[in-house]
Structure formats: structure tokens, C-alpha cells
There are 2 protein chains.
Amino acid sequence: MTQTADPSRPQPATLNDVARLAGVSIATASKALNGRSQVRAETRQRVIEAAERLSFRPNQLARGLLAGRTGTVGLLTSDLEGRFSIPILMGAEDAFGAGEVAVFLCDARGDSIREQHHVRALLGRRVDGLIVVGSRTDPRPSLGRELAVPVVYAYAPSDDPADLSIVPDNVDAGRMAVGHLLACGRTRIAHITGDPGYLAARERAEGARAALADAGLRLVGEPRFGAWSEGWGRASTALLLDQQPDVDAVLCGSDQIARGVMDVLRERGLRVPEDVSVMGFDNWQVLTSGSRPHLTSVDMNLEQVGRAAAQALFGAIGGATRSGVEALPCRVVIRGSTAPLS
Amino acid sequence: MTQTADPSRPQPATLNDVARLAGVSIATASKALNGRSQVRAETRQRVIEAAERLSFRPNQLARGLLAGRTGTVGLLTSDLEGRFSIPILMGAEDAFGAGEVAVFLCDARGDSIREQHHVRALLGRRVDGLIVVGSRTDPRPSLGRELAVPVVYAYAPSDDPADLSIVPDNVDAGRMAVGHLLACGRTRIAHITGDPGYLAARERAEGARAALADAGLRLVGEPRFGAWSEGWGRASTALLLDQQPDVDAVLCGSDQIARGVMDVLRERGLRVPEDVSVMGFDNWQVLTSGSRPHLTSVDMNLEQVGRAAAQALFGAIGGATRSGVEALPCRVVIRGSTAPLS
DNA sequence: TAACTTTCTGAAAGCCTTTTCGGTTCACCG
DNA sequence: CGGTGAACCGAAAAGGCTTTCAGAAAGTTA
């Protein structure tokens, strides 16, 4: 029988041990260690040394029990696999980790039953707040208003406007992308993008169209919705070149699509960026820096989304409630695949 | 002044509330809810209903304080960014999440100071154990033997053999990869791989060489160490074809390298897989399924590494200590880029 | 009816820390 | 030398839960 009490593993020291070793009461020890002013300097020193000797770490459980705040938050993601969750998670972890907050990570695998389960478990652990990270920008069901702790939604906004959601501004991103291509002197711009079931795809297309309209231009053909894959990029580029051989720029809905587009352009003997400039979306480094030339792409600043969500949650824990959907700007990262017309 | 006590947010119910509502003592309520046998069925029912009504969730802090076990573990990663940490983290989260264990996520950013800081914070929170996830397979400094809780190292083994480490078997992976190419009838196999500073690169090369030796063969040329990038794949393939034009298979140290290799092969008019079979490493889906043809690759089963680490930690918490480095097998995922010689 | 089980219930201790508040000590002043 | 205030210290409560143990209630047997 394996016992849980491993005799070789010493129990961590308690405040009691420290107090005894220093020859003071528990209360004094606590005050000494927490910088309270009711302690003589000499006594404080003795206590601190005792704590050092026992490598005492105050038990956060007890502290949390007493304070009513645990200094923990739950990070509820719907798919760790997805590459969008990770940077957000990093940003949040970063914003919290700097302070004295620890993060519980839960992956619901896109299953709402499991999500419910995790929420309950987190509430049982008395987290001070919750960040819900989605894997796409389409609105998702709210966790509800009755929760005992504040909640902030990141990337995927809540469908309840009373909740606070932090998302990247994909419409504006579409505008910015086209803006860059226009600044390069391109006027015959096509848009090849992914699954039209994704709000992100539709919003980017909308932004692109709006920016062109502002310049008195239109897309070359309709936006070509399809899949978020290199294969779709290749297939639709072939079609595009047949139908609109005079295109001078392609804005792609993802870096994967852009890779496919560039491959076919090269095969057809077109030069990137001279003949056709190509732009991707997501700024996924493995794709942007593997291509020839390196791929200009729109970065959604996801880490910042995560950080903003964490800060908003921090504020909400402090009582400063916000609500609605807050859209953060994206940014264009210029590399070799776009250049001014010569 | 924003106050922390938000009057609109109801305090969660305590066992006391439940007991009062059910008209029993706290003790009885506790026993009723925890399935202890000292309670009449009718009383138990009343308590359960009361708990339901108040949507009572026992405070895990208080429970943990009492039990000496918190039901939490720390997951210490050195770089969330890196794509190797994530699947491991998923596997671990999976193995734990199924039970009643919650996971604290900490990212040390490859900084050992920050790592120390996180370890202390986690110990202060009285985690029951720690999983340390590395970003490369080279051994890393142990956290030490004096820790109050068990530790399991995943992917990056500890340099102290007294610790338990779970890693993928890269030597064997090299053997398996070459085994597959040999099974395809390939005999003139080249190896293009990444930074020789990485143990993974050296081990895979070693395994490949060993498998060839077993078959009475040798690599075509020396292993070509370089960088883990498409660019290196392209550059070294050009060189390879100049020096060894009769090569009939290329084993690559990563999927990125493989993509570069395939691009140059295609440009030189060589057919994949007919003329030259190409194999990658890591089975990174965005790369393997974007290429033409889809890329055969070695998967390190990282999720399983994570799961195994979690299970080992679970065992260690229960007192079943293991130690040493345990290497888990990888697997070859066959796609279109490798095929038998016709 | 007395004595004895059996079954259920509740008071209280304990986990570890922080904080309040009353008590002790001591220097200093009138 | 009694009194005052400051400086320091410790007892105790609180926070929510589990568990032990003693006691109450109900049922059984002689």
C-alpha cells in the first residue's frame, strides 16, 4: 500500500514553527513578516531569520480563506490546440504573472458540458475572476450574469452585451491591409480568404471593401471565400489568374492561403512582389518567414488582447465594471512580399 | 474609491447556510453531502435539496487547508510560444482535468530567475506536485531534491538522475524514420537536419545512422546540420543535389526543413515521392498538410508525453516514486511524400 | 420496566493565517 | 513616586470545512 504521507518529504513550516523558533507569539511573527509596525526592529529581525531558516512560505490557502480573495483567476480556453488561444493566454499569463496572481488553466475542448464543469470547479476553488478565451471571433454563449465573480471574454465575444469582451478589430484590419496595398500603388486588388462561416473572414472582407470604396476603387472580382488552407490558396489563385490576369495584389485571409497563392504565382512566372504583391493574415511566423520572399501579414496583436483582458478583469475584481465589446487595433507587419510598384 | 466588496455580487453560500436552511447542524450537512453513512436518508435528501437551492459549492480552500492536499498541481513551462510545450500541456491538462485536479499554469519565459519565483509562488499555494515542461530535449537543471512536493520533468529531462523525466525517444524515432524509408525500397538516403546544438538533432541523426548500419547501408554524405528552417532546407538541398544527384530519399530534421527540401526538389524537376521520398519530423499539421504532396512525418506523441507525466506525478503524489529518464516511442505518420520505389 | 443496542445528530477541535484589542513593560514627566 | 503615553506583544476570533466523540433518540431484548 502506498501511503500519501511520505515521511521523507518534510511538511512545510507553518507560522507557528517560525514563532516558536523566534520565541514570539504567532501574532507577532505574522506582523513581523508582513511589515506591520507593531514590532521592534530587533524582534522583527529574529523572526525573519527564523522564517528564513525554516524556508517558511505563508500558506496562501489560509490567507485566501481569511481575506476572501484567493489571488487566482481561471483561464477557460475552448481549444488549446488552436493557435489563437495561445498568444492570448500568454498575454494574460504575463499580465497576471507579474503580480501576485496565479492562473488556473482549463481547456474545455469546445465542449460546453465540459466548460460548465470547469466553471463550477473554478468557482469551488474561489477564483477571483474568469477569462474565457475563444478560438474564433464569432460570438459565443455567455456564461450568464449570475456568476459570483467577474468574467472577461477574449477573442470570442460573449453574445450578451452586458458582458465585457476584448477582441481584435478585424474590420479595421481589413482596411489597414488594403491601405498598405494602396500605399504601394496597387489598384487591382483581389481578396482570397477562408471559410465564410467565420465572422473574421466576413469582417476582413468588409473592411477591405470599405477601404477600397473610400479610394474610389473596388475589389477585382468578388472576395473568394473557401477554406483556410494552402490548397485553397493555390486553387483559387489559378482560377483568379485565368479570370483576372491583370491583378497586381492579392490580400489573403490567412498566411496559409497566402503561401498557396505565392506558390502558384511563382509557378506561373509572376514575380512577388514586383508583379503581384501578396499579403497574409495572422502573422504566423513559421509561415511568414519560410516563404520566398518573406510574407507581409496582419498581426492581430493577440498577446495584447490577452493582456487587456487580464487588466480588465483585474479592474472588474476591483469593482470597476465595464461592458460591451472592445475592439483592439491590429497592425501590418511589412516584409518582402509587398512593395511599391516600380 | 472602487471597493472590492461589490454588493451586487452575492457571496457564495457556505455550508453553514445550507445547514441552516435544511435545519440541521453543520456537521450533519457535511456528512450528508459527502456520502458519509451517519445520516438518515430523509435528512440527507433535505440537505442535498438545500445545497441545490443555494447552489452551494464547497470551498476548496477550506477543504484543502484541512486535508493537507489541495488538488492542484503546477505546470511550469519555459516557453509557451514554442510549439512543443503546448501538446504536452494539453496532455497533462487532459489527464488531470478528467479528475478533480486543477492546474496552475506558469510560464518562466526561459528565465531561471522567473522560474524560481514561480516555484516559490506555487509552493506557497501548496500545490500537490509540479510538472516542468521544457522546450527542447537537452537536459535542464534540476529544481533540486529538497522540494516539498514531487516533480516530474517532461520533454526536457532533468540533469539529476534522481528525478523522473518523461521524454520522447528521438534515437528510436530516427531509426523508425529510416526504417520506413528502407521499407519503401530507398537506399540512397540523405539527412538534412537542424541546429547541431540541439540534442534532438544529434539523436535523430544517430538513430538514422544506426538503422542504416543495421541494414548494411550508410547515409548519403554526412548529416547536414544547419538551422530548423525552410531556408536551410532549400539551401542544403541545392547543395545535396549538386553533390549527390542520385539520392532517392531525404530524411529531414523538421517539417520546416522538409518543406524547403520539397520546394527545391520540385523546382529541379524531381518528383516527390517517385524520384525522391521526403520525410519530416514533428508532424506539424500546418506544414504537413499544406505541402504537395502531403508530408510524411514523425510524430513525437507529445500529448502522450504530457499525459504520462501527469500520471507519473499522480503516482508520485500517492507515494509511488520513480526516477530516471523514461523515453516514450514516437510514431511515423505516412502521407503522400513517401512511397515505395516503383 | 430496566438495560442495552443501534441509529442519528451536534458541539467542538483542528487546519493556518491575519487582525483586533486588551495587556504588559518601560521611559519619562510633573 | 504616581501617572501618562508610547511601544511592544500575545490571546483570541474569524474564515469554511471535515472529523471525532459524546449524547440524544429510537428501537430491542430480557
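Per chain, numbering begins at 1; letters A, B, ... match sequence-line order.
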Spacing of [X] atom [atom1] relative to [N] atom [atom2], expressed in whole Å:
X     : N      : atom1 : atom2 : value
A:L61 : C:dT18 : CG    : P     : 13 Å
A:Q38 : C:dT25 : CD    : C1'   : 15 Å
A:L65 : C:dT19 : CG    : C1'   : 14 Å
A:N16 : C:dT18 : CG    : C1'   : 14 Å
B:E42 : C:dC8  : CD    : C1'   : 12 Å
A:L66 : C:dC15 : CG    : P     : 17 Å
B:R44 : C:dT7  : CZ    : P     : 14 Å

Please determine if [X] and [Y] form a salt bridge, counting it only when a charged side-chain N lies under 4.0 Å from a carboxylate O.
X      : Y      : answer
B:D94  : B:R307 : yes
B:E115 : B:R120 : no
A:D160 : A:R145 : yes

Given the options B:V167, B:I166, B:T137, B:Y155 meets side chain to side chain contact (heavy atoms under 4.5 Å, CB included) only with B:T137
Contact check, residues 20-34 of chain A vs DNA chain D, heavy-atom distance under 4.0 Å, returns A:V24, A:S25, A:A27, A:T28, A:K31
Donor-acceptor pair, [X] side chain versus [Y] backbone, under 3.5 Å?
X      : Y      : answer
B:N34  : B:S30  : yes
A:D138 : A:L199 : yes
A:T72  : A:A102 : no

Notebook entry, point to check: Does B:T43 put a side-chain nitrogen or oxygen below 4.0 Å from OP1 or OP2 of C:dC8?
Noted result: no
**Asked** If we ignore angles and hydrogens, is there a donor and acceptor under 3.5 Å between the side chains of A:D163 and A:S142?
**Response** yes
Span of DNA chain D engaged by chain B, first through last nucleotide within the 4.0 Å heavy-atom cut-off, is D:dG16 to D:dT20
5'-most contact on DNA chain C (nearest-nucleotide basis), A:Q60 vs B:A41, goes to B:A41
So does A:F104 have more than 12 non-hydrogen atoms from other groups sitting under 6.0 Å from CZ? yes
